Amino acid sequence: MHRQGTDTENVQPEDVLCDFCHRAVWAMGLPCIEGHHGSVVCGDCLKVAWTEVVELDGGEVQAERDCTMCLACHDVQVWSSPLHPQAIICRRCVKMAGVTLRRDKDYDWETPPKSSP
């Protein structure tokens with residue numbers, strides 16, 4: 001997401017925020033993935049979402065709400081940020097973003113380890 005009042009013709013690093021924690025991810029140099037219409041999830045929020053939705057097979061199914069990242073409404077589990085509950089990311093986007101970020105050579109990002117039973 002962009003900070004309110006961002007000049008779209010001159011976007012600065014501090015204008016690009018994670019939709020889930022609202023930190024200035026570009027200015028801070030944090031690993032992040034961009035979705036549709038400028039949506040962004042940072043690596044830290046993605047790790048929490050991955051753990052809850054992929055590893056623990058948790059999260060709510062919210063078929064009536066669109067995913068912040070892909071803008072689609074899937075009948076799958078989603079993770080909702082406790083800081084900004086209007087932002088949700090679907091299981092499909094969590095997995096796709098995690099694999100993409102893990103392969104990005106600019107960052108040392110790994111998916112969280114599997115939980116032991």
Side-chain angles (χ1 to χ4, degrees):
M1 75 184 281
H2 291 142
R3 185 181 311 280
Q4 189 172 10
T6 296
D7 176 1
T8 56
E9 299 297 318
N10 187 25
V11 176
Q12 299 298 307
E14 60 273 4
D15 293 329
V16 179
L17 310 176
C18 172
D19 284 79
F20 301 89
C21 66
H22 290 192
R23 291 184 300 166
V25 292
W26 279 9
M28 298 171 73
L30 298 175
C32 61
I33 295 288
E34 187 174 354
H36 293 299
H37 295 285
S39 58
V40 175
V41 61
C42 73
D44 292 341
C45 289
L46 185 57
K47 281 188 181 201
V48 175
W50 183 284
T51 299
E52 184 174 323
V53 174
V54 176
E55 294 302 327
L56 300 176
D57 199 27
E60 295 181 48
V61 174
Q62 295 192 2
E64 70 281 354
R65 291 182 59 198
D66 291 346
C67 171
T68 302
M69 298 298 288
C70 69
L71 306 179
C73 192
H74 303 288
D75 192 17
V76 297
Q77 297 104 322
V78 300
W79 178 72
S80 175
S81 166
L83 298 173
H84 304 284
Q86 73 281 5
I88 63 170
I89 184 169
C90 69
R91 180 183 178 92
R92 180 178 158 264
C93 286
V94 168
K95 291 182 83 170
M96 192 168 19
V99 168
T100 302
L101 199 53
R102 187 177 64 220
R103 291 179 180 163
D104 189 330
K105 295 185 184 341
D106 290 334
Y107 299 108
D108 184 25
W109 191 91
E110 290 292 328
T111 53
K114 296 200 182 300
S115 305
S116 34

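Because the structure is a prediction, the values reported are computed rather than measured.
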Of all pairs that satisfy ring-ring contact (aromatic ring centres under 6.0 Å, His included), the ones with a partner from residues 13-40, not counting sequence neighbours:
Phe20-Trp79, His22-His84

Of all heavy-atom pairs linking Cys18 and Cys42, the shortest is SG-N, 3.4 Å

Is it true that a side-chain atom of Ser80 and a backbone atom of Pro85 form a donor plus acceptor pair closer than 3.5 Å?
yes

Give me each pair satisfying salt bridge (Lys or Arg N to Asp or Glu O under 4.0 Å) with a member in residues 77-94, each pair once, sequence neighbours excluded.
Asp57-Arg91

All pairs passing salt bridge (Lys or Arg N to Asp or Glu O under 4.0 Å) where residues 5-27 contributes a residue, at least two apart
Arg23-Asp44

Using distance only, find each side-chain donor-acceptor pair of residues 95-109 under 3.5 Å and give its atom names and separation, not counting sequence neighbours.
residue : atom : partner : partner atom : Å
Thr100  : OG1  : Met96   : O            : 2.8
Asp104  : OD1  : Asp106  : N            : 2.8
Trp109  : NE1  : Gly43   : O            : 3.2

In one Ile/Leu/Val/Met/Phe/Trp/Tyr side-chain cluster, 4.5 Å: Met69, Val94
yes

Excluding sequence neighbours, so at least two apart, what forms side-chain hydrogen bond (donor to acceptor under 3.5 Å, both in side chains) with Arg3?
none

Is Val48 linked to Val53 within one hydrophobic cluster, defined over Ile, Leu, Val, Met, Phe, Trp and Tyr using a side-chain heavy-atom separation of less than 4.5 Å?
yes

Taking the side chain as C-beta and beyond, is there a heavy-atom pair between Val40 and Leu17 under 4.5 Å?
no

Using a 3.5 Å distance criterion without hydrogens, assess whether the side chain of Thr68 forms a donor-acceptor pair with backbone atoms of Ile88.
yes

Point-to-point distance, once rounded to the nearest 0.5 Å, from CG of Leu46 to SG of Cys32
10.5 Å

To the nearest 0.5 Å, what is the distance between OG on Ser39 and CG on Leu71?
6.0 Å

Non-neighbouring partners of Asp75 that pass side chain to side chain contact (heavy atoms under 4.5 Å, CB included), sequence neighbours left out:
Val61, Ala63

Between Met1 and Val25, is there shared hydrophobic-cluster membership here, with clusters defined by ILVMFWY side-chain heavy atoms closer than 4.5 Å?
no

For the CD atom on Gln86, are there more than 12 heavy atoms of other groups (residues, nucleotides or ligands in this structure) within a distance under 6.0 Å?
yes

Test side-chain hydrogen bond (donor to acceptor under 3.5 Å, both in side chains) applied to Glu110 - qualifying residues, sequence neighbours left out:
none

Measuring from atom CZ of Arg65 to atom SG of Cys73, what distance do you get when rounded to the nearest 0.5 angstrom?
10.0 Å

